[in-house]
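See below for the structure under consideration.
Below, read A as the first sequence line, B as the second, and so on, with proteins coming before strands; counting in each chain starts at 1.
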Protein chains: 2
Amino acid sequence: MGTDEKKVAESVAWRPGGAVKRAEQALMAEKSRVLRPFGLTVPQYAAMYALSLAPGISGAKLARLCSVTPQSMATVIKTLESRGLVERRPSSDHAQVLVTRLSRAGQALLRKADAEAVAVERRLVDAFTPDEVALLRGLLERAVVVLTDGEHDDTEHDDSEHGADSS
Amino acid sequence: MGTDEKKVAESVAWRPGGAVKRAEQALMAEKSRVLRPFGLTVPQYAAMYALSLAPGISGAKLARLCSVTPQSMATVIKTLESRGLVERRPSSDHAQVLVTRLSRAGQALLRKADAEAVAVERRLVDAFTPDEVALLRGLLERAVVVLTDGEHDDTEHDDSEHGADSS
DNA sequence: AGGCGTACATCAGGGCTTTGATAGATCTTG
DNA sequence: CAAGATCTATCAAAGCCCTGATGTACGCCT
């Protein structure tokens with residue numbers, strides 16, 4: 001006897017966290033796999049992708065776009081910079097703010113890597129009807145709201161602009 | 001104003017990965033928050049929970065239950081062991097296999113921590129109808145299958161028992 | 001102008017996770 | 001019995017991610 005492995009596995013997997021975790025993990029694993037040939041990790045790719053859409057933003061904003069802390073983004077950017085894929089320079093109107101943008105090499109690499117990453121996401125989306133995709137997105141969004149909402153001690157205000165961009 | 005921040009944010013968030021990632025992150029963040037007072041991280045809690053259901057299993061099996069690599073589980077277990085929350089000892093019938101189980105202190109701590117963790121999951125589940133929860137679970141499962149399935153070079157076989165339990 | 005609040009960048013420390021490689025024990029099979 | 005496959009544990013290296021704490025720069029407001 002001894003705990004009946006199958007049943008235990010089910011119990012553990014049935015936890016609401018389990019399903020989300022496994023999905024996220026599967027997605028990360030697959031993306032990692034297709035990104036590996038380019039020497040990119042998923043966070044690195046995500047940062048570069050965001051950077052391609054918003055060139056020259058601050059590290060902090062980039063972090064927010066990628067849903068990570070500024071510290072995490074700093075380590076990612078440092079690696080990318082050491083490989084010459086991105087370039088950082090002090091902002092002209094905001095000394096102390098560092099604006100980041102893709103280098104030419106970075107743009108070229110991203111173009112190729114992006115094709116693969118998009119293909120993975122497409123493979124995923126194609127396995128569902130458009131309605132199902134919308135439904136899934138909606139349910140996940142609601143989950144985020146529910147979990148994020150009962151706010152504890154965070155100060156509430158606006159955010160938006162304050163002027164640290166360029167171009 | 002270059003790059004219209006709002007629009008960029010939307011584009012980034014709209015990526016299929018974004019929704020799943022944010023949901024997982026929100027869940028992790030909330031669980032971390034309620035677990036912090038107990039000095040436990042989410043992976044530590046997960047391992048202890050699995051351990052409470054399957055006492056005395058090997059580290060490798062525990063890793064599989066928690067959907068992490070044996071290496072990850074090893075670091076988690078090492079921390080838990082150093083705090084006296086779990087105990088490891090060589091298996092009687094399988095020298096070289098280490099069986100792990102919760103210590104009394106670990107059981108006591110888990111009981112309290114589990115209540116909080118379950119409350120978070122319950123808060124989440126309660127925000128949806130039972131049908132929606134089932135639907136979400138189903139969609140996520142399908143996503144995992146789609147992403148995991150196109151298998152590359154993994155060997156296929158059965159698994160199940162081989163006999164490394166106790167009690 | 002002096003202060004307060006906000007944002008940015010970074011150092012420090014703790015943990016998790018993955019890939020890759022090493023090595024001993026056990027089971028299966030010829 | 002010996003070989004090969006399988007499972008287990010662990011070392012090592014590289015990254016990512018988070019919390020907490022500093023120190024600086026800028027904007028607004030009195």
Open item on the list: Considering every strand and a 4.0 Å limit on heavy-atom distances, what is the contact class for B/A74: base, sugar-phosphate, or nothing?
Closed with: nothing
TODO: Please check if atom CZ in B/R88 has more than 12 non-hydrogen atoms from other residues, nucleotides or ligands closer than 6.0 Å.
DONE: yes
Open item on the list: Using whole Å, what does the distance between atom C1' of nucleotide D/dC17 and atom CE of A/M73 come to?
Closed with: 11 Å
TODO: Let me know the distance between CZ of A/R64 and P of D/dC18, rounded to the nearest Å.
DONE: 14 Å
Open item on the list: Of the listed nucleotides (C/dC16, D/dT10, D/dC26), which one gets closest to any side-chain atom of A/A95?
Closed with: D/dC26
Open item on the list: Under 4.0 Å, heavy atom to any atom of DNA chain D: which of residues 34-42 of chain A qualify?
Closed with: A/T41
Identify each atom pair where a protein N or O and an N or O of nucleotides 21-24 of chain D are less than 3.5 Å apart, giving names and distance.
{"residue": "D/dT24", "atom": "O2", "partner": "A/Q96", "partner atom": "NE2", "Å": "3.1"}

- [ ] Decide, yes or no, whether a salt bridge links A/K7 with A/E10 under the criterion of side-chain N to carboxylate O below 4.0 Å.
- [x] no
- [ ] Give one of base, sugar-phosphate or nothing for A/K21, where a contact means two heavy atoms less than 4.0 Å apart.
- [x] sugar-phosphate
Open item on the list: Quick check: on DNA chain D, is the nucleotide nearest A/P70 upstream (toward 5') of the one nearest B/R88, or the reverse? Name the residue that is more 5'.
Closed with: B/R88
TODO: Report yes or no: do A/M28 and A/V20 belong to one cluster of Ile/Leu/Val/Met/Phe/Trp/Tyr joined by side chain heavy-atom distances under 4.5 Å?
DONE: yes
Task: Closest to the A/L98 side chain, choosing from C/dA9, D/dA9, D/dC18 - done: C/dA9
Open item on the list: The side chain of A/R83 is closest to which nucleotide in this list: D/dC16, D/dG15, D/dT8?
Closed with: D/dG15
Open item on the list: As a test of reading the structure: which of D/dC16, C/dA9, D/dT8 is closest to the side chain of B/A60, going by heavy atoms?
Closed with: D/dT8
- [ ] Have a look at A/T79 and say if it touches a base, only the backbone sugar-phosphate, or nothing, with a 4.0 Å heavy-atom cut-off.
- [x] sugar-phosphate
Open item on the list: Do A/R64 and A/I57 make a side-chain contact, defined as non-hydrogen atoms from C-beta onward lying under 4.5 Å apart?
Closed with: no
- [ ] Side chain of B/Q25 only, please: which of C/dC27, C/dA9, D/dC18 is the nearest?
- [x] D/dC18
Task: Closest to the B/S58 side chain, choosing from D/dA9, C/dC16, C/dT17 - done: D/dA9
Open item on the list: If you define the side chain from C-beta out and look only at heavy atoms, does anything of A/L140 sit under 4.5 Å from A/L136?
Closed with: yes
